[in-house]
Each structure stands twice: as structure tokens, then as C-alpha cells.
Amino acid sequence: MASESSSADAAQRAQVVTRFAPSPTGYLHIGGARTALFNWLFARHHGGRTVLRIEDTDRKRSTQDAIDAIIEGLAWLGLDYDAPPLFQSDRAERHAEVALQLLQAGHAYKCFATPEDLEAMREEQRAQKKPLRYDGRWRDRDLAEAPAGALHTIRLKTPNEGETTIHDRVQGFVTVRNEEIDDYIILRADGTPTYMLAVVVDDHDAGVTHVIRGDDHLNNAFRQLPIIRAMNEIEGHWPDPIYAHIPLIHGADGAKLSKRHGALGVEAYRDEFGILPEALFNYLLRLGWGHGDREEISRAEAIKLFDLGGVGKSPSRFDLKKLENLNGHYLREADDARLAQLVAERIGQQAEEELLTQAMPVLKVRAKNLNEVVEGAGFLFAKRPLVMTEKAGLLLEGDARVILRKIYECLKGENDWTSATLEATTKALAEEQGLGLGKLAQPMRAALTGSTTSPGIFDVLVLLGRDEALARLDAQAA
RNA sequence: GGCCCCUUCGUCUAAGGGUUAGGACGCGGCCCUUUCACGGCUGAAAUACGGGUUCGAAUCCCGUAGGGGUCACCA
């Protein structure tokens, strides 16, 4: 959208601040990763900054493992942020301070209702099929009526009349009647802040200009805005942020992404599926965002092209096949030594990185993920006698072993052990025998790799080296 | 249930009143070829439904259906 990127003046652009604010109750899942990506891209596109804030107000559910997984996942994807991560739990005092300001200015009030009172209230609302929301029982009540020594929460006094419209950069104009928003709790009875207060204060203090998050938060924007406007009234300089609520990602069956459907952490895509970070980056970028016919988009280009106007409004489904296709593309582009290292880690002890690097050009074109590269590399490190797959065994039936003997004898005399020479020699032999090249190549493949599929057979001969290759042929020849 | 959002091939998307509705993944076929891939060509495949507005609607409006989100002293 033109108004997104071109109408903002340079000074304003330099001030763009986005944030990624996960709650560390699990790994960095695919939806969170995409939210982080969009925030990062938007900030980079506008030459702004992005901050990472760990929303760990709920100490019971937050774990250090989850925090580590999130930070590691972001790093793996190359989504760096411009300041050390902020921990929301460190800022409880500041949150309480704002709650008190709100209270003193009459924008909030003490509520002495107990959890039991509230549950009873909801029960009745359910029975009467009425909307479930706080009924404002302490909103205008005289504090003298408060039970002596009782604990209280602090609730925001939200407007009851009129309506609020936000201009969401993805969802468009969204309007909600203010009566829909009840007086929710901003400070708990134990004095700790609730999420609703904490986000608003933290976003303001960090100078966040654009709140880009999942659209499960769209309703929250209407709850958070009253705090912002009240504080703006009290002390000024609390501008409304620009909101962009991006649609959620669903599983292949259209239902909300859950563990059952592969709402896995990004490390699972790295470790279990053998996905490259640049592939996941590109896939996530294209999931819910489009730019004409463009499919393969590099990191640098993504920064150049990304805009909120290209984000669709409907939820998108996760498709592993497409991710793998993209991964195949990036595998072919990736540096051979880098891949060799990644593959060696997976193979373990017997892997030789140097050999893998040498073999990588012919290995990687046949794979969609690192697991397939590992499989394809198996023949390089196999020990004699090779184990044959069933199909490979079949290739050695009939007169195949006799032919292998001839090939062995012929190649044994070959001193120039290069692909081109070996091919010429073998073709000459095939012609001399009146056979198609396949008649020789397939038994060779079986003898050399124990499999029916492999890189080109002359590449295999070279990679194995003269001695090992001849030994494998000899072992299977009649 | 209240409120909010969404709906183009199976999937990701393009087309912001006039196109044979385009591309990509996946699927089928052909070519290349020593296997498997890669690559190239090609085929099938969509505007949820019903009404309007308009000379003309995937596009604008209304309704219906379906899907999703959210309604905590969770975040």
C-alpha cells in the first residue's frame, strides 16, 4: 500500500519500533516465528528497530527452557533484535506505578469482589444467556462499604458509551461498541500486574510504534486502548500505536494449529525435518503474504519488498510439502562445506567432512532435506561387504555378475580415474559387448552403493576412489 | 451464547469493475537420461451460496452458510 511506505516522512521512518513478545510457556512455534519475522521485516524495511520482550508475568507457566528455545530459534532464523531481551517480570513495579496513577486520576478503581463472587456472577450470566463480563459492581460504590481488611484488585474504568474504531493495517477499520468492553483487572489482589496492563506499559516505555501480532489479539486492542488514552490524558506522550493483526496459521486440516498437527518448535524443523533456516524464513514469509508471482525471495529482497499491505486477512494452512520444495531449492544453493558440516553432525563418527564436501554437489540435488542427504551419502562410508537393498540384489541376478567381472577387469587397467575417462572407457566396453549403458551401469550401482538409486555412476566411482571402487566391484563380480 | 474477523484451484497466493481468472507446491503426462533427482514442456484443478448495484462483478452492497478468534485475579 502506497500510504504505508511512501507517505511517511524520513524522520518518522527512522523511528519505527516493532516488538516480538512471546510468552515462554513453550517452544518457539511456527506461528510465533512468523509473527517475529513480520515484525523484524517491517522494522528493517523502514530502517527501524525491533525489541524482544519475554512476557513471563505468569511465573508458574514460564520456564527457562522455553526462554532458551525462543532465543535460540530466533537466532537460528537470523532474526536479531536491537537490544538485550526484556523480561516483563522485571518490570512489575513500573506496572504497579501506572496502575496507581490510573487509580489516583479516577481512571481505575478498587474492586473487592472475590473470585467466588465473580464465578457466581458468571454462572448467573451463563444461565440467563447474557454476555459474560464484569458487571461493574464496585465501579461507583463507596469504599466505606468495603469489607475491612479485605484484598482488592484494581480495575480499569472503561468508557461505557460510544464506540471505538481502530485502523488496523491488516484488518482494516474495525469498530467495537464501548459497552462490550468491561472493567477488567489491571492489578491483581497480590499487587502484580495483569498482561493487559503490562503490554501497554512496556510497549509505551520501549517506544513501540507498530504492534504487529496474531489476530487472536485483535479484541485485546480494544481493551488496551483505554489504558493508553487514559495515560495520555494524565501525562501526555502516550500515542495510540499502529496496529496490525495478522491471521493465525492453521494445521493442514484447517483447525487451529495444535501439537497434533505439527505446531512444532522451529528446532523440530531444523533437527527432525532437516530444514535450512533460509528455507523456513522464505516459507514463513510467503505464508499469509504475497508479492505478485514471487516465490523464492532472499533475506535482503524480503527486507526490500515486505509491507503490511501484502498480508492477507484469512488464516493460512501449514504445508510441509511446500516447505520441503523450498528447502530443496535452498539446499541446491547452499555452500557445500556448510552442508557437509551439517550432514556430518547427523552421520556421526565415520563421516568425513572433506569427502562429504566433495560429494555434496551431486548429493544435494537429490534431496529435499538434510535427512535425505544423509541417506544419499550412506554409500560413501559403507563398509564391505555392502548390505544390498532388495531391489539392488535383483540387479545382480542373471549374468550381471559376469558383466561386472568384465567391467572390473576393464577398469582395473584404467589409470586416469576421472569421471570423463571412466565414462568413455565404460561406454566403449558397453559398445564392444553390444549392450546398452544401463546394462552395465545398474549392476555397477548395486555393487558400488548397495542401492538402486545414487548419483551418476561415474561420480560414484570417483568419489569412492580407485581402490575402494575396484574392491567393491570385485566383491560382487562372478 | 455475545462480540470481532475471514471465505479465489487440495494448499500458498495474483487479479483493488472489463483477463481464455495468472503463478507456485502437490498430482498426471511428455522430454532429458545409466538409476534417482534437477531442469524443460504440458494436463486436470478455484472465485462458498443467494440476491442486488452496474452496459459489465472474483472485485461494490445486503443476506445465508461455513470457518476462525475472543469473552480469567492466563498471556
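In this text, all values refer to a predicted model and were calculated from it rather than measured experimentally.
- For the residue pair A:Tyr109 / A:Asp183, a side-chain donor-acceptor distance below 3.5 Å is found, with atom types taken as modelled.
- Rounded to the nearest Å, the gap between the C1' atom of B:U54 and that of B:A48 is 23 Å.
- As judged by a 4.0 angstrom heavy-atom cut-off over every strand, A:Thr57 is placed among residues touching the sugar-phosphate backbone only.
- Listed by first then second residue, pairs satisfying salt bridge (Lys or Arg N to Asp or Glu O under 4.0 Å) with a partner in residues 216-228 of chain A read A:Asp182-A:Arg223, not counting sequence neighbours.
- Using a cut-off of 4.0 Å between Lys/Arg side-chain N and Asp/Glu carboxylate O, A:Glu55 and A:Arg19 are scored as not salt-bridged.
- Using the Watson-Crick or G-U wobble rule with both distances under 3.5 Å, B:A37 pairs with nothing in any strand shown.
- When heavy atoms are screened at a 4.0 angstrom cut-off, A:Ser451 is found touching no nucleic acid atom at all.
- The 5' end of RNA chain B is approached more closely, in terms of each residue's nearest nucleotide, by A:Val174 than by the other of A:Arg34 and A:Val174.
- In this structure, the ring of A:Phe318 has its center no less than 6.0 angstrom from the ring center of A:His250.
- Defined by atom type and a distance below 3.5 Å, a donor-acceptor pair is present between the side-chain atoms of A:Thr418 and A:Thr421.
- If you take atom C1' in B:C31 and the same atom in B:G68, they sit 45 Å apart, rounded to whole Å.
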- Item | Check against salt bridge (Lys or Arg N to Asp or Glu O under 4.0 Å), A:Glu97 and A:Arg94 | CA-CA 5 Å; A:Glu97 176 186 289; A:Arg94 158 97 258 240; 3.2 Å; yes

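- Nucleotides of RNA chain B nearest to A:Gly290 and A:Leu132 differ in position, and the one nearer the 5' end is that of A:Gly290.
- As the counterpart of B:C32, no nucleotide is assigned, since no Watson-Crick or G-U wobble pattern has both distances under 3.5 Å.
- With both ends at atom C1', the span from B:U20 to B:U7 equals 25 Å, rounded to whole Å.
- Of the N and O atoms on the side chains of A:Arg299 and A:Asn282, not one donor lies less than 3.5 Å from an acceptor on the other residue.
- Note on A:Met444: nothing from the nucleic acid sits closer than 4.0 angstrom, heavy atoms only.
- No side-chain donor from either of A:Thr63 and A:Asp65 sits under 3.5 Å from a side-chain acceptor of the other.
- Close to B:A72, at under 4.0 Å from its OP1 or OP2, lies no side-chain N or O of A:Arg155.
- A cation-pi arrangement is not found for A:Arg169 relative to A:Tyr243, the charged atom failing to lie both closer than 6.0 Å to the ring centre and inside a 45° cone about the ring normal.
- In this structure, the CH2 atom of A:Trp289 is 11 Å from the C1' atom of B:U13, given to the nearest Å.
- Look at the P atom in both B:A72 and B:C9: the space between them is 36 Å, to the nearest Å.
- For A:Arg317, counting side-chain heavy atoms from C-beta on, the closest listed nucleotide (B:G69, B:C73, B:U11) is B:U11.
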- Item | Protein proximity profile, nucleotides 24-39 of chain B - base contact B, sugar-phosphate-only contact S, no contact -, cut-off 4.0 Å on heavy atoms | BSS-------BBBSSS

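- Comparing atom distances between the A:Gln88 side chain and each of B:A75, B:G2, B:C6 picks out B:A75 as nearest.
- As the counterpart of B:A21, no nucleotide is assigned, since no Watson-Crick or G-U wobble pattern has both distances under 3.5 Å.
- For B:C60, the paired base is B:G52 (Watson-Crick or G-U wobble, both distances below 3.5 Å).
- You'll find the ring centres of A:Trp289 and A:Phe306 inside the 6.0 Å limit.
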- Message: Evaluate A:Glu180 against A:Arg133 for salt bridge (Lys or Arg N to Asp or Glu O under 4.0 Å), listing each step before the verdict.
- Response: CA-CA 8 Å; A:Glu180 299 291 338; A:Arg133 54 174 91 114; 2.6 Å; yes

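- Across B:C6, B:C3, B:A72, the shortest atom-to-atom separation from the side chain of A:Arg122 is found for B:A72.
- Distance NE2 (A:His245) to C1' (B:A75): 14 Å, rounded to an integer number of Å.
- In this structure, A:Arg126 does not reach the B:G1 phosphate: none of its side-chain N or O atoms is under 4.0 Å from OP1 or OP2.
- When the C1' atom is used for both B:C32 and B:C25, the distance is 23 Å, rounded to whole Å.
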Please list each protein N or O that sits under 3.5 Å from an N or O in nucleotides 40-48 of chain B, with the distance.
none

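- Across all strands, A:His291 comes closer than 4.0 Å to no nucleic acid atom at all (heavy-atom distances).
- Among the heavy atoms of the strands, none lies under 4.0 Å from A:Ala221.
- Distance A:Asp216 CG to B:G68 P: 14 Å, rounded to the nearest Å.
- When the P atom of B:G2 is taken as reference, atom CD of A:Glu180 falls 11 Å away, rounded to whole Å.
- Judged by the 6.0 Å distance and 45° axis criteria, A:Arg53 is not positioned over the aromatic ring of A:Phe20.
- Between the C1' atoms of B:U35 and B:U42, the separation comes to 24 Å (whole Å).
- Residue A:Arg286 has its side chain nearest to B:C12 when only B:G68, B:A75, B:C12 are considered.
- Nucleotides B:G16 and B:G40, compared at atom C1', are 35 Å apart to the nearest Å.
- A gap of 11 Å separates the P atoms of B:G22 and B:A46, to the nearest Å.
- No hydrogens or angles were tested; on distance alone, a donor-acceptor pair under 3.5 Å links the side chain of A:Asn220 to the base of B:A75.
- Per the geometry, NE2 belonging to A:His95 stands 16 Å off C1' belonging to B:C73, to the nearest Å.
- Within the 4.0 angstrom heavy-atom criterion, base atoms lie near A:Ile185.
- The distance between atom CD1 of A:Ile246 and atom C1' of B:G69, rounded to the nearest whole Å, is 14 Å.
- The partner of B:A44, taking Watson-Crick or G-U wobble pairs whose two distances both stay under 3.5 Å, does not exist in any strand shown.
- Side-chain contact, A:Asn39 with A:Thr50: no donor N or O sits under 3.5 Å from an acceptor N or O.
- Using Watson-Crick or G-U wobble geometry with both donor-acceptor distances under 3.5 Å, B:U7 finds its partner in B:A65.
- Between A:Arg294 atom CZ and B:A15 atom P the separation is 15 Å, expressed in whole Å.
- Atom CG of A:Asp135 and atom P of B:A72 are 13 Å apart (whole Å).
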